[in-house]
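Single-structure report; data block below.
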Amino acid sequence: MQMRKLIKPLVFVLALLPFSVLVLRILQNNLGPDPVQELSLDTGEWALRFLIIALAMTPLRRITNQIEFTRHRRMLGLFALFYATTHLLVWLMFVLEFRWFAIAEEILERPYITVGFIAYLILIALGITSPKFMVRRLGKSWKRLHKLVYVAAILGVLHLLWILRLDIGPAVFYGSLVALLLGYRAWFSFQARRS
Amino acid sequence: MLIKKPSDIKPSEITPEHVYRNRRQFIEDSGKLLLGAAAASTLPSVANAQIGAGLMARAPASMRRSPPAAWWADKFANIKPAPNSAPFNTGESLTPYEDVVSYNNFYEFGMNKGDPSSNSGDYKADPWSVEISGEVAKPGTYNLEDILRPHDLEERIYRLRCVEAWSMVIPWVGFPLADLIKRFEPTSKAKYIEFETLVDPETMPGVRSRFAIVDWPYREGLRMDEAMNPLTLMAVGVYGDYLPPQNGAPLRLIVPWKYGFKSIKAIVKINFRETMPDTTWVDLQAQEYGFFANVNPAVHHPRWRQDTERRLPQTLFSRSRIATEPFNGYGEQVASMYEGMDLSRYF
Ligand code: HEM
């Protein structure tokens with residue numbers, strides 16, 4: 001029982017590790033010759049990774065019968081939002097350099113930004129409705145709303161695919177993971193409906 | 001924010017202090033080498049201005065490479081330093097050697113900027129030969145020693161502007177491509193020149209990737225007048241040292257008024273032809289990349305603007321975004337070649 005209690009803080013600390021490493025690298029001036037690009041890519045990739053990790057929790061619980069997995073689903077999802085927010089802030093501060101008027105143009109003119117932005121809006125909506133009282137208040141529609149997490153993941157992969165050029169390996173990798181998770185979900189609800 | 005022209009920018013704004021220190025260090029190193037330790041104490045004062053005045057930029061002693069084969073050392077014993085003036089010396093602060101050799105696009109070795117330097121350990125730049133074909137009187141396969149033999153090496157300090165909106169200032173070592181071309185005696189039909197990079201799955205992990213959407217080998221090309229322009233350089237070295245694999249060893253092209261991807265690396269084939277060659281990036285994405293690829297602040301990439309650039313190295317809190325110049329600042333030397341061409345169409 002005592003051990004159980006330790007898992008949550010442990011997951012929290014682990015999830016904060018990539019961020020701590022980034023902060024350390026910033027302080028040590030150790031981001032390479034093009035730090036803005038490095039930050040932008042790193043935070044983006046962690047946002048996508050956490051989104052996929054959060055998505056994997058329910059299937060892992062079902063497969064292993066360990067309720068522990070879903071206990072941390074919400075926190076992991078919020079970490080995806082956290083890294084996506086860092087990603088967005090890096091872009092606003094260091095790429096756009098606070099030229100606010102340029103935001104609309106960027107979102108409208110560049111399809112990869114458009115899909116990234118939509119994915120981010122979804123993550124915000126899910127983040128706002130994640131506290132327990134919101135779950136209670138929204139009732140049935142909460143489940144429907146939170147299915148949008150799959151849309152966010154697909155848009156995240158699309159965003160990445162648009163950025164890659166000569167080699168689409170990473171998009172294939174993350175895309176297959178999302179497809180696998182979606183496939184499992186579809187298969188599971190099909191089974192559930194049959195029985 | 002305010003966008004400055006390169007000439008308005010003090011070197012101290014572009015280059016963080018620790019980088020200066022580095023630079024001073026290796027200038028001191030080279031000073032000791034060339035002038036003796038006594039003169040070295042006076043050298044740091046020229047560090048901020050430029051390297052050029054009779055001094056070749058040298059890689060830090062600890063990072064110098066051994067020659068790919070013995071004859072290379074003789075070839076490199078006598079390099080003419082860059083002059084003190086444009087266009088063969090930009091007069092700007094150099095991007096430190098460490099960054100020039102660790103931040104690269106060379107997809108044959110991987111997709112991330114650090115991949116080419118970390119994944120090229122098995123790569124062999126010697127022995128090397130180059131196949132010359134097409135519209136020339138003297139086609140054939142030449143080994144590199146024969147290719148280089150008649151040419152004296154010189155240093156050229158050029159801006160390198162990547163299509164990804166970053167730039168560096170790099171002291172290359174090489175010789176004019178024009179001098180090489182003349183030796184093969186192109187026929188009157190030779191209107192374009194096409195280059196190919198080595199493909200070696202054994203030593204190039206990027207080539208083995210199953211998700212590469214590119215049709216190797218990497219191919220680039222120039223129009224004949226561009227190839228013959230005195231600015232166009234065949235490089236075999238950087239910072240007074242042999243090219244590392246990630247920078248295109250042993251033989252690469254440098255076309256300073258075009259986006260970096262035109263400056264093809266590790267050349268194994270040169271073909272002279274009557275028609276415009278297909279090139280890798282145009283094949284992949286004709287809306288985003290053109291055959292000419294002249295640096296042009298007025299024509300944007302669909303994913304980012306091209307009117308400014310990040311001069312590297314940067315730190316997060318001293319970022320220098322400078323205005324991108326037409327033809328990367330080499331307009332005086334090259335603009336006349338494109339007179340009458342609609343450069344927003346032929347980008
Ligand atoms: C308004 C929202 C967003 C903006 C403006 C934005 C912008 C960017 C930019 C500018 C880059 C670098 C592109 C390049 O180098 O060409 C990038 C990369 C990336 N972004 Fe985003 N992004 C947004 C939202 C997201 C979200 C929500 C995710 C994840 C779910 C995400 C995941 C990524 C990934 C994985 C990369 C590429 C990393 C790599 O190549 O290693 N982005 N994004």
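Throughout, a chain's letter reflects where its sequence line sits, starting with A, and its residues are numbered from 1. Keep in mind it's a predicted model, so treat the numbers as computed, not measured.
- The minimum heavy-atom distance linking A:Arg165 with B:Tyr107 is given by the pair NH2-OH, 3.1 Å.
- Under a cut-off of 6.0 angstrom, the local environment of CZ in A:Arg62 is crowded, with over 12 non-hydrogen atoms contributed by other residues, nucleotides or ligands.
- Using a 4.5 Å cut-off between heavy atoms, A:Pro111 makes no contact with chain B at all.
- If you measure heavy-atom distances from A:Ile168 to chain B, the contacts under 4.5 Å come from both the backbone and the side chain.
- Inter-residue side-chain proximity for A:Ile26 and B:Phe317 is flagged as met; some heavy-atom pair is nearer than 4.5 Å.
- Within 6.0 Å of CZ in B:Arg208 there are more than 12 heavy atoms belonging to other residues, nucleotides or ligands.
- Only the side chain of B:Glu164 comes within contact range of chain A, judged by heavy atoms closer than 4.5 Å.
- For A:Phe94, the parts lying under 4.5 angstrom from a heavy atom of chain B are both the backbone and the side chain.
- Looking at B:Leu316, the atoms closer than 4.5 Å to chain A (heavy atoms on both sides) sit in the backbone and in the side chain alike.
- Side-chain atoms of A:Asp34 and B:Tyr103 include a donor-acceptor pair closer than 3.5 Å.
- Heavy atoms closer than 4.5 Å to chain A are found in the side chain of B:Trp281, but not in its backbone.
- Between the side chains of B:Ser209 and A:Asp167, a donor-acceptor pair is found at a separation under 3.5 Å.
- Within 6.0 Å of CZ in A:Phe12 there are 12 or fewer heavy atoms belonging to other residues, nucleotides or ligands.
- Under the 3.5 Å distance criterion, the side-chain polar atoms of B:Arg319 are left unmatched by any main-chain donor or acceptor of A:Val95.
- Note on A:Glu38 versus B:Lys113: no salt bridge recorded, every NZ/NE/NH1/NH2 to OD/OE distance being 4.0 Å or above.
- Within a 6.0 Å radius of CD in B:Glu202, no more than 12 heavy atoms belonging to other residues, nucleotides or ligands are found.
- The OG1 atom of B:Thr315 sits 9.5 Å away from the CG atom of A:Leu31 when rounded to the nearest 0.5 Å.
- Atom CG of residue A:Leu166 and atom CH2 of residue B:Trp216 lie 5.0 Å apart, to the nearest 0.5 angstrom.
- Counting only heavy atoms from C-beta outward, the side chains of A:Ile113 and B:Arg303 never approach each other to under 4.5 Å.
- Ion pair A:Glu109/B:Arg305 not flagged as a salt bridge, since none of the NZ, NE, NH1 or NH2 atoms sits closer than 4.0 Å to an Asp/Glu carboxylate oxygen.
- Neither the backbone nor the side chain of B:Tyr218 comes within less than 4.5 Å of any heavy atom in chain A.
- In terms of heavy atoms, A:Leu164 sits closest to B:Met111 at CD2-CE, 3.7 Å.
- Using a 4.5 Å heavy-atom cutoff, the side chains of B:Gln314 and A:Pro33 are not in contact.
- Of the two parts of A:Leu39, only the side chain, counted from C-beta on, holds a non-hydrogen atom closer than 4.5 Å to a non-hydrogen atom of chain B.
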